[in-house]
Amino acid sequence: MRRRTLNLVLGLGLIAPFTAGLPLKALAAGVDMEAAMAPRVVGDPDAKITISEYFSMTCPHCARFHTEVYPQLKEKYIDTGKVKMEFKDFPLDQWALRASAMARCLDGKRYVAMVDLLMKKQSVWARSENPFAELVKLGRLAGLSEERVQECMTDEKLLDFILNERLAATKDHDINSTPSFVMNGRKLDGVFSFEAFEEVIEDAL
């Protein structure tokens with residue numbers, strides 16, 4: 001990891017507690033970084049409006065957005081070609097980082113389905129005494145073995161990518177909490193409800 005990324009990791013306490021509780025093994029297959037780093041976008045690529053969501057897998061407010069607000073946005077604006085949504089990782093703790101890494105080992109459609117599952121089941125796995133075991137259960141539903149889940153969660157290049165994306169979000173858009181949203185390059189302040197999104201989207205259209 002680059003020094004600035006490592007400093008962030010150490011400052012957040014994202015690494016050491018995890019490795020202390022995980023049964024590490026020597027895994028050699030590696031993560032397809034080109035696929036893992038690819039943008040995770042839902043909607044028409046030519047949509048007039050792009051909304052980027054910066055979210056943490058363990059953030060209750062993010063879970064609420066994904067389970068209550070996002071389905072309404074998808075039905076009215078994404079499925080109709082008016083908006084495309086990009087999911088951007090902004091982990092706030094060690095298990096958010098690991099869950100993001102696991103999800104990014106899945107391709108586009110399976111990634112979105114995994115994010116949906118992680119958010120719906122957040123209160124179960126994030127509060128568990130053994131989050132790794134609970135994440136393995138969810139990973140298996142997407143066809144990931146325990147070994148593959150572990151491999152994704154401990155891949156230094158993938159973790160480095162996710163953490164540097166977080167650093168870039170703070171630098172470029174002043175993102176410091178989750179969920180945060182950027183629409184066509186402009187940070188949306190105080191926009192969380194469907195009605196608030198509806199207002200800014202209609203204005204932009």
Side-chain angles (χ1 to χ4, degrees), residues 9 12-43 52-74 78 85-163 165-166 178-179:
V9 171
L12 291 173
L14 295 182
I15 294 285
F18 179 85
T19 56
L22 185 69
L24 296 177
K25 302 175 184 176
L27 300 171
V31 172
D32 182 344
M33 284 302 299
E34 183 176 355
M37 293 189 301
R40 298 301 195 257
V41 180
V42 177
S52 299
E53 180 207 1
Y54 294 85
F55 70 107
S56 175
M57 294 290 192
T58 53
C59 161
H61 298 294
C62 300
R64 188 173 303 115
F65 168 78
H66 276 268
T67 57
E68 298 178 8
V69 179
Y70 175 72
Q72 297 180 74
L73 287 175
K74 187 173 185 299
I78 298 174
M85 176 79 74
E86 181 173 9
F87 300 115
K88 307 280 281 186
D89 298 304
F90 197 91
L92 296 178
D93 56 61
Q94 59 168 322
W95 288 110
L97 173 63
R98 307 303 175 166
S100 290
M102 181 181 77
R104 280 196 167 266
C105 278
L106 297 168
D107 58 26
K109 289 184 178 180
R110 290 197 302 159
Y111 169 85
V112 174
M114 176 54 69
V115 170
D116 181 62
L117 182 61
L118 287 167
M119 290 304 182
K120 287 180 178 177
K121 300 293 185 180
Q122 184 191 89
S123 62
V124 176
W125 68 265
R127 299 177 186 175
S128 168
E129 292 184 1
N130 189 345
F132 175 71
E134 295 300 322
L135 287 171
V136 167
K137 292 178 184 178
L138 298 180
R140 282 177 176 149
L141 296 177
L144 298 175
S145 66
E146 178 177 343
E147 289 76 15
R148 184 59 176 164
V149 169
Q150 180 181 317
E151 186 174 45
C152 296
M153 288 184 179
T154 56
D155 188 281
E156 289 189 3
K157 290 182 180 179
L158 179 53
L159 300 180
D160 192 54
F161 165 74
I162 293 171
L163 289 167
E165 285 288 287
R166 172 182 161 150
T178 58

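Being a predicted model, the structure only gives us computed values, none of them experimental.
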Residue pair Leu118 / Met102, side-chain heavy-atom distance below 4.5 Å: yes
Residues that Tyr54 engages under ring-ring contact (aromatic ring centres under 6.0 Å, His included), provided they are two or more places apart: none
Nearest-0.5 Å distance, CZ of residue Phe90 to CG of residue Leu163: 10.5 Å
Side chains of Gln122 and His66 in contact at under 4.5 Å (non-hydrogen atoms): no
Partners passing side chain to side chain donor-acceptor pair (under 3.5 Å) against Glu165 (at least two apart in sequence or in another chain): Lys88
Reported CD-to-CZ distance for the pair Glu68 and Arg64, which is rounded to 0.5 angstrom: 6.5 Å
Heavy-atom closest pair, residues Ala103 and Met114: CB-CG, 4.0 Å
Criterion side-chain contact (heavy atoms from CB on, under 4.5 Å) on Val42 and Tyr70, from CA distance to verdict: CA-CA 11 Å; Val42 177; Tyr70 175 72; 3.6 Å; yes
Arg148 versus Val31, closest heavy-atom pair with distance: NH2-CA, 4.1 Å
Mutual orientation of the aromatic rings belonging to Phe55 and Phe87 [parallel < 30°, tilted 30-60°, perpendicular > 60°]: perpendicular
Taking every non-hydrogen atom, the tightest pair across Leu158 and Ala36: CD1-CB, 3.8 Å
Approximate separation, where rounding is to 0.5 Å, of Leu97 CG and Leu159 CG: 5.0 Å
Residues forming a disulfide bond (SG atoms under 2.5 Å apart) with Cys59, sequence neighbours excluded: none
Side chain to side chain donor-acceptor pair (under 3.5 Å) partners of Lys157, counting only residues at least two apart: none
Partner residues of Ala96 under the side-chain contact (heavy atoms from CB on, under 4.5 Å) criterion, sequence neighbours left out: Ser56, Met57, Thr58, Pro91, Asp93
Check: residues 132-144 side-chain donor-acceptor pairs under 3.5 Å, at least two apart:
{"unit_1": "Glu134", "atom_1": "OE2", "unit_2": "Lys137", "atom_2": "NZ", "d": "3.3"}

Whether Arg40 side chain and Ala38 backbone form a donor-acceptor pair below 3.5 Å: yes
Spacing of Met85 atom CE and Ile78 atom CD1 [to the nearest 0.5 Å]: 4.5 Å
Minimum side-chain heavy-atom gap Phe161-Asp155 below 4.5 Å: no
Positive for salt bridge (Lys or Arg N to Asp or Glu O under 4.0 Å) with Asp89, one of Arg166, Arg104, Arg98: Arg104
From Leu117 atom CG to Arg110 atom CZ, the distance as rounded to the nearest 0.5 Å: 13.0 Å
From Glu147 atom CD to Glu151 atom CD, the distance as rounded to the nearest 0.5 Å: 9.5 Å
